[in-house]
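Shown next, in C-alpha cells, is the structure this report addresses.
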Number of protein chains: 2
Amino acid sequence: MTILLGKDKPAARYEQVKSYILSRIETGEWEVGHRLPSESELVDLLGVSRMTVHRALRELTVDGVVTRAQGVGTFVAEPLKRVELLELRDIAEDIVSNGHTHTTRVITLDAIRADSDLAMAFGQRPGARLFHSIIVHLEDGTPLQVEERFVSPHFAPDYLEQDFSLSHPHRHLSSISHPEEIEHVVFAVTPSQETCDLLDLDAPEACLQLMRRTWVDERVVMKGIFTYPGSRYSFVGRYRP
Amino acid sequence: MTILLGKDKPAARYEQVKSYILSRIETGEWEVGHRLPSESELVDLLGVSRMTVHRALRELTVDGVVTRAQGVGTFVAEPLKRVELLELRDIAEDIVSNGHTHTTRVITLDAIRADSDLAMAFGQRPGARLFHSIIVHLEDGTPLQVEERFVSPHFAPDYLEQDFSLSHPHRHLSSISHPEEIEHVVFAVTPSQETCDLLDLDAPEACLQLMRRTWVDERVVMKGIFTYPGSRYSFVGRYRP
DNA sequence: CAGTGGTCTAGACCACCCA
DNA sequence: GGGTGGTCTAGACCACTGG
C-alpha cells in the first residue's frame, strides 16, 4: 500500500497571496484594524496581476479575515467568534438512517383558538385560529418523540387535510416553503401524565424538550414542541469546525 | 420618513449570470445532474467574457448549487440538505451578556486514572492519567451549571496549575489550540444527589446534560459533562438559515 | 482630486478527461 | 485531439471615499 500525498503541484498564485497575507496576520505583524497594502501596492510587492490580488482579497473577505471598503482600503478584521453548534436532525430521518423502522401515531389534528401564550408566540391576538396536531413518533414500535405543533392557517391552509400517518408535518411544511428564520429552545422537563402515557413511560422521567418557532415573511408560522424521553434519546452531533 | 430601497444600480454581470443559471434550475428546466452549457458556450450565449462566466460558476460551486470537474463539465448539484442548528454558547459569556454577574466555585482539580468508560472515551488504555476538574458556574450567586472535565495531560500539561476561579477551563483550553473536531451529546437526566447539592436543588429535577468531546491531532483531548437545572436554564438559538 | 476597491474584457497557457 | 474547467495577465472603466 502506497501513500500518495501532495502531488507537489504548486499552489495557485492567488492562494500564495492569501497565504502571504494570512501569515502576516497570524504572526501579529498586521494587527486587527491594520490597513493592508492596497491592491496596486500588492501587485508591485508580489509581482502578480491585480485580478489575482483581488481574488485573494475577495476570498479573504468572504472568510471574514479582512474587511474592505471602496475608496478606503482593506483592513484586518476582528477574529471570528467561534461558535459551537449542535445539529438538530429530523427524527424520522434519524430513525431510518440508523436502520430502524419509523412509524407515527396521529393523536390529534384539529383547529383551536390561541390562548394568550400562543397568541404571544405567534404575535397575534388571543382567539386567533390555529391548526394543531399531536403526533407520536415510534422507533421499532417504541415511542421516541411526542410532537405537538401549532400552525398558522394562513401559511398552511391544507394542514388539516394531510394524512400525517404517511407524511409528517415537517415534510408538509417544508414543501410549502422554507422558513426565513428559526428559533430553537432546548429544555429539560418532567413530563405531564398525558405525555408519559403517549411515551409509554411507567413513571415520569427527565425528558428533553425542544421548542421550535419558524418565521416566514416576518411572521411566526409554526410553533412546535418536541418531547423526548431522556432515557431513550439524545441529540448527537459531531463535526469539524 | 422616506424609504430608500434598491438604488437601481444594475446588478453586476456575474450576478446576472448567476441569476440566469439559478432561475433555470429553479424552474426545473435544468434538473439535478443536468449538464450546464460550458463556459465558452455561456460566453456566446450571454455575451460576457469567460472570466465573468467563470466567476459566476465558481461562486455557484461554493454555494453548492453546481458541481464542476475539469475536463468534464458543470452539473446541477443535489439540493443541499437543510440542517437546523443550535448554537451552544459559553455559559460565562451567556451570563455576562445578559447583564448578570458570573462567578465560579472550584470544587475539584486533580489527576485521576481513567476507568474503562473514560479510557474508551479517550481512546486510551484504562489506567491512563487524566486531569479532572469540577466547577460550578453561578449567575448572581445561583448555580446554573456544573461542569466536569477530563483533560489529556499531554494536551494541557499546565491544567492543574490554573486558577479556575479567575479564568475557566474553556479559556485555558482555547488558548492552547482550537479543536479540529467536536462531538456534542445533549441528554435529559435526573441528577445525582451530589449534583443536586452542587446546584442547590432541594429535590432532584430534570436537568439538561451536555457532553462534549474535542479532538486535536486525531486524539481526544477533552471530555466535558455540563449539567444545567431544567428549571433555570435552556439552550436558546435564533438564526436565519 | 488622487487613491481605493469592484468589475469586466480578450487573450493566453495549462491540466485534465474522454473518445 | 478536442473540449472542459482552473488560472493568470494587462489594461480598462467605474463608483466611491477622503482630504
Side-chain angles (χ1 to χ4, degrees), chain A residues 4-22 24-25 30-78, chain B residues 4-22 24-25 30-78:
Chain A
L4 292 183
L5 281 180
K7 316 164 86 175
D8 65 74
K9 172 162 54 170
R13 298 207 200 188
Y14 71 89
E15 291 287 359
Q16 296 179 32
V17 175
K18 286 173 72 173
S19 297
Y20 172 84
I21 293 167
L22 282 170
R24 296 291 159 128
I25 294 174
W30 293 346
E31 307 192 0
V32 171
H34 179 269
R35 178 176 162 164
L36 272 66
S38 71
E39 294 193 351
S40 59
E41 286 170 338
L42 286 170
V43 166
D44 297 342
L45 202 59
L46 304 177
V48 298
S49 77
R50 202 187 137 211
M51 277 294 274
T52 302
V53 168
H54 181 75
R55 174 165 178 184
L57 289 170
R58 178 157 36 82
E59 294 192 356
L60 290 176
T61 305
V62 171
D63 294 344
V65 176
V66 301
T67 58
R68 321 195 70 192
Q70 214 175 108
V72 184
T74 304
F75 304 86
V76 178
E78 292 281 345
Chain B
L4 291 183
L5 280 180
K7 315 163 86 174
D8 65 73
K9 173 163 55 170
R13 298 207 201 188
Y14 71 90
E15 291 288 358
Q16 296 179 31
V17 175
K18 286 172 73 174
S19 297
Y20 173 84
I21 293 168
L22 282 171
R24 296 291 158 129
I25 294 174
W30 293 346
E31 306 192 0
V32 171
H34 179 269
R35 178 175 163 164
L36 273 64
S38 72
E39 293 192 352
S40 59
E41 285 169 339
L42 286 169
V43 165
D44 297 341
L45 203 59
L46 304 177
V48 296
S49 77
R50 203 189 136 210
M51 277 295 272
T52 301
V53 167
H54 181 74
R55 176 166 175 184
L57 289 170
R58 176 156 37 82
E59 295 192 357
L60 289 176
T61 306
V62 171
D63 294 343
V65 176
V66 301
T67 58
R68 320 194 71 192
Q70 213 174 101
V72 184
T74 304
F75 304 86
V76 178
E78 291 281 344

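The model shown is predicted, which means the values in this text are computed figures rather than measured ones. All chains are named by letter (A, B, ...) in the order of the sequence lines, taking the proteins before the strands, and each is independently numbered beginning at 1.
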Output the single nucleotide from [options] whose closest atom is nearest the side chain of [X].
X: B:Arg35; options: D:dT4, D:dC8, C:dT4; value: D:dT4
X: A:Ala12; options: C:dT9, D:dT4, D:dT7; value: D:dT7
X: A:His54; options: C:dT7, C:dT9, C:dT4; value: C:dT7
X: A:Gln70; options: D:dC16, C:dT7, D:dC8; value: D:dC16
X: A:Arg68; options: C:dT9, C:dG6, D:dG5; value: C:dG6
X: B:Ser40; options: C:dT4, D:dT9, D:dT4; value: D:dT4
X: B:Thr52; options: C:dC8, C:dT4, D:dG6; value: C:dC8

**Message:** With a 3.5 Å distance limit and no angle check, can you tell me whether B:Gln16 reaches the backbone of B:Ala11 through a side-chain donor-acceptor pair?
**Reply:** yes
Is the phosphate of [N] approached by [X] (side-chain N or O, under 4.0 Å from OP1 or OP2)?
X: B:Tyr14; N: C:dC8; result: no
X: B:Ser38; N: D:dT4; result: yes
X: A:Thr74; N: C:dG5; result: yes

Could you tell me the separation between the [atom1] atom of [X] and the [atom2] atom of [N], rounded to a whole number of Å?
X: A:Leu46; N: D:dT7; atom1: CG; atom2: P; answer: 18 Å
X: B:Ile21; N: D:dG5; atom1: CD1; atom2: C1'; answer: 14 Å
X: B:Glu59; N: C:dG6; atom1: CD; atom2: P; answer: 12 Å
X: B:Glu39; N: C:dA12; atom1: CD; atom2: P; answer: 17 Å
X: A:Asp44; N: D:dT9; atom1: CG; atom2: C1'; answer: 15 Å
X: A:Phe75; N: D:dT17; atom1: CZ; atom2: C1'; answer: 11 Å
X: A:Arg13; N: C:dA15; atom1: CZ; atom2: P; answer: 13 Å
X: B:Arg55; N: D:dG5; atom1: CZ; atom2: P; answer: 19 Å

**Asked** Side chains of B:Arg68 and B:Thr74: do they bring a donor and an acceptor to under 3.5 Å?
**Response** yes
**Item:** Closest contact, heavy atoms only, B:Gly47 versus B:Arg13
**Value:** O-NH1, 4.4 Å
**Item:** Nearest heavy-atom neighbours spanning A:Ala77 and A:Val32
**Value:** O-CG2, 3.8 Å
**Request:** By nearest nucleotide on DNA chain C, pick out whichever of A:Val72 and A:Met51 is the more 5' one.
**Result:** A:Val72
**Prompt:** Where each residue is assigned the nucleotide of DNA chain C containing its nearest heavy atom, which of A:Gly73 and A:Arg58 is assigned the position nearer the 5′ end?
**Reply:** A:Gly73
**Item:** Residue whose closest nucleotide on DNA chain D lies nearer the 5' end, A:Glu15 versus A:Ala69
**Value:** A:Glu15
**Gap between atom CD of B:Glu78 and atom OG1 of B:Thr67 - 0.5 Å precision** = 9.5 Å
**Request:** Report the C-alpha separation of B:Leu36 and B:Leu57 in whole Å, then their side-chain angles, then the decisive distance to 0.1 Å, and conclude whether the side-chain contact (heavy atoms from CB on, under 4.5 Å) test is met.
**Result:** CA-CA 10 Å; B:Leu36 273 64; B:Leu57 289 170; 4.0 Å; yes
**Message:** Is it the case that the base of C:dG6 and the side chain of A:Arg50 share a donor-acceptor contact (distance under 3.5 Å, atom types as modelled)?
**Reply:** yes
